[in-house]
K.L.:
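Just passing along the structure, written as structure tokens.
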Amino acid sequence: MLDYLWSDGPRLKQQSGVFRLGTDSIMLAHFVSSSDCKKRSAVDLGTGAGILPLILTWNNPTLRVDAIDIQPEAVQLARENLNINSLSEKVNIFEGDLRCHREFFGAGAYDFVVSNPPYYPSGSGKLPEDVGIMTARSEVFCTLDDICKAAGYLTRWGGSFMLIHKPERLADIFRSMNIYGFEPKRLRFVSHKSDAPPNLVLVEGRRGGKSSLQVEAPLILMDEDGCDTDEVRAIYRR
């Protein structure tokens, strides 16, 4: 059975053992679309089921995307999802370890890099028994530093690196971005409700950018009645 991301939109196959579609990837794709960076070529680090390349190329037919994931099952599923939506010619999915990014991709070859990475440091809690879910959620096979290092190598001068993460990791994100040549330029928190603390954060760094951070209005997912906000309905094209 296939899920539609929105009416008449991309169709998505999901399976056990591969991290399922969540709000995170949808919000990150929307954040990318609101960036002023050039959008001709991109790479997705840790693509999972291929959600980000699928949405990004659906929204921008001229965009070319490379993507990589270490899980064979995820790579196969991502390729199937692209085939289902006739987008295989726009996206190349590589099976491999993003820590070995130099073996797959060229230096400074991309206008922007995206990632919905594992959120939790290894050893910070009980790991899921499913290896695929564990790989997607915990920094067992790659850390935030690994992601930022790869992004720094892949992003052209003046290009962007955009990711979604947990607010409690924000200091780590800024530190790693700075180490690998990015200046944080744009920040947006995501909260379930207007009176709730943020549970996600969207960050854009610019390679070689000058010091200046724009903090955008928070993205609120639900109104006081527990219904989707107008912005969320617009993002999901409802």
K.L.:
Which of these, Val113, Asn116, Ile173, sits in a side chain to side chain contact (heavy atoms under 4.5 Å, CB included) with Leu163?
P.N.:
Ile173

K.L.:
Less than 4.5 Å apart, any side-chain heavy atom of Leu98 and any of Phe105?
P.N.:
no

K.L.:
Counting only N and O atoms by type, is there a donor-acceptor contact under 3.5 Å from the side chain of Lys193 to the main-chain atoms of Asp225?
P.N.:
no

K.L.:
At their closest point, which heavy atom of Arg207 faces which heavy atom of Arg156, and how far apart are they?
P.N.:
CB-O, 3.7 Å

K.L.:
Of Glu204, Lys38, Lys39, Arg186, which is the lone residue that meets side chain to side chain donor-acceptor pair (under 3.5 Å) with Ser160?
P.N.:
Glu204

K.L.:
Output yes when a side-chain donor or acceptor of Asp111 lies under 3.5 Å from a complementary backbone atom of Gly159, and no otherwise.
P.N.:
no

K.L.:
Do Thr47 and Asp69 have side-chain atoms, one donor and one acceptor, less than 3.5 Å apart?
P.N.:
no

K.L.:
Under 4.5 Å between any side-chain heavy atoms of Ile68 and His101, yes or no?
P.N.:
no

K.L.:
Starting at CD of Glu231, measure out to CG of Leu221 and round the result to the nearest 0.5 Å.
P.N.:
9.0 Å

K.L.:
Let's go through Asn83 and Ser88 carefully: what are the C-alpha distance in whole Å and the side-chain angles of both, what is the deciding distance for side chain to side chain donor-acceptor pair (under 3.5 Å) to 0.1 Å, and is it a yes or a no?
P.N.:
CA-CA 5 Å; Asn83 281 329; Ser88 296; 2.4 Å; yes

K.L.:
Quick one: closest heavy-atom pair of Ser25 and Leu52, and the distance?
P.N.:
O-CD2, 3.6 Å

K.L.:
Rounded at 0.5 Å granularity, tell me how far CZ in Phe94 sits from CZ in Arg79.
P.N.:
8.5 Å

K.L.:
Between Arg99 and Asp97, does at least one N-O distance fall below 4.0 Å, as a salt bridge requires?
P.N.:
yes

K.L.:
With rounding to the nearest 0.5 angstrom, report the CG to CZ distance, Asn199 to Phe189.
P.N.:
11.5 Å

K.L.:
Are Phe112 and Tyr180 linked, directly or through other ILVMFWY residues, by side chains that come within less than 4.5 angstrom of each other?
P.N.:
no

K.L.:
Could you report the tightest heavy-atom contact between Asp8 and Trp58, atom names first, then the distance?
P.N.:
O-CZ2, 3.6 Å

K.L.:
Kindly indicate, with the supporting measurements, whether the criterion side-chain contact (heavy atoms from CB on, under 4.5 Å) is fulfilled by His30 and Ile55.
P.N.:
CA-CA 9 Å; His30 176 67; Ile55 299 175; over 6 Å; no

K.L.:
For the residue pair Thr62 and Arg40, establish whether any side-chain heavy-atom pair is separated by less than 4.5 Å.
P.N.:
no

K.L.:
Counting distance only, does the side-chain N/O of Arg238 pair as donor-acceptor with the main-chain N or O of Ser7 below 3.5 Å?
P.N.:
no

K.L.:
Heavy-atom distance under 4.5 Å between the side chains of Thr155 and Phe182, does that happen here?
P.N.:
yes

K.L.:
Under a 4.5 Å cut-off applied to non-hydrogen side-chain atoms, are Leu154 and Phe104 in contact?
P.N.:
no

K.L.:
Rounded to the nearest 0.5 Å, how far does CG of Asn92 lie from CZ of Arg64?
P.N.:
9.0 Å

K.L.:
Check whether any side-chain heavy atom of Asp146 sits under 4.5 Å from a side-chain heavy atom of Phe141, and report yes or no.
P.N.:
no

K.L.:
Is Ile179 reachable from Phe174 through a run of hydrophobic residues whose side-chain heavy atoms are each under 4.5 Å from the next?
P.N.:
no

K.L.:
Just how far is it from atom CD1 of Ile84 to atom CG of Leu77, taken to the nearest 0.5 Å?
P.N.:
8.0 Å

K.L.:
Of the non-hydrogen atoms in Val91 and Pro53, which two are nearest, and what is the gap between them?
P.N.:
CG1-CB, 3.8 Å

K.L.:
State whether the side chain of Arg188 and the backbone N or O of Val201 hold a donor-acceptor pair below 3.5 Å, judged by distance alone.
P.N.:
no

K.L.:
If you round to the nearest 0.5 Å, how far is CD of Glu183 from CG of Asn178?
P.N.:
5.5 Å

K.L.:
Any Lys/Arg nitrogen of Asp36 or Arg206 sitting under 4.0 Å from an Asp/Glu carboxylate oxygen of the other?
P.N.:
yes

K.L.:
Mark yes when over 12 heavy atoms from residues, nucleotides or ligands other than Lys185 sit less than 6.0 Å from its NZ; otherwise mark no.
P.N.:
yes

K.L.:
Minimum heavy-atom separation for Pro118 to His165, with atom names?
P.N.:
O-NE2, 3.5 Å

K.L.:
Quick one: are Lys166 and Leu200 in side-chain contact, heavy atoms under 4.5 Å?
P.N.:
yes

K.L.:
So, do Ile164 and Phe31 sit near enough that their side-chain heavy atoms are less than 4.5 Å apart?
P.N.:
no

K.L.:
Does Ile220 offer a backbone N or O that forms a donor-acceptor pair with the side chain of Thr229 under 3.5 Å?
P.N.:
yes

K.L.:
Between Val65 and Lys90, is the side-chain contact (heavy atoms from CB on, under 4.5 Å) condition met? List the steps.
P.N.:
CA-CA 6 Å; Val65 180; Lys90 298 179 182 298; over 6 Å; no

K.L.:
For residues Ile235 and Val32: do they belong to one hydrophobic cluster (side chain heavy atoms under 4.5 Å, members Ile, Leu, Val, Met, Phe, Trp, Tyr)?
P.N.:
yes

K.L.:
Of all the heavy-atom pairs spanning Asn85 and Pro10, show the shortest one and how long it is.
P.N.:
OD1-CA, 3.2 Å

K.L.:
Checking side chain to side chain contact (heavy atoms under 4.5 Å, CB included) between Phe161 and each of Ile147, Val114, Val203, which is the one that passes?
P.N.:
Ile147

K.L.:
Please say yes or no: joined through hydrophobic side-chain contacts below 4.5 Å, possibly via intermediate residues, are Leu219 and Leu28 part of one cluster?
P.N.:
yes

K.L.:
Side-chain heavy atoms under 4.5 angstrom apart, residues restricted to Ile, Leu, Val, Met, Phe, Trp, Tyr: same cluster for Leu187 and Leu144?
P.N.:
yes

K.L.:
If you apply the rule side-chain contact (heavy atoms from CB on, under 4.5 Å), what do you find for Arg102 with Tyr153, and how did you get there?
P.N.:
CA-CA 8 Å; Arg102 292 172 182 251; Tyr153 177 81; 3.4 Å; yes

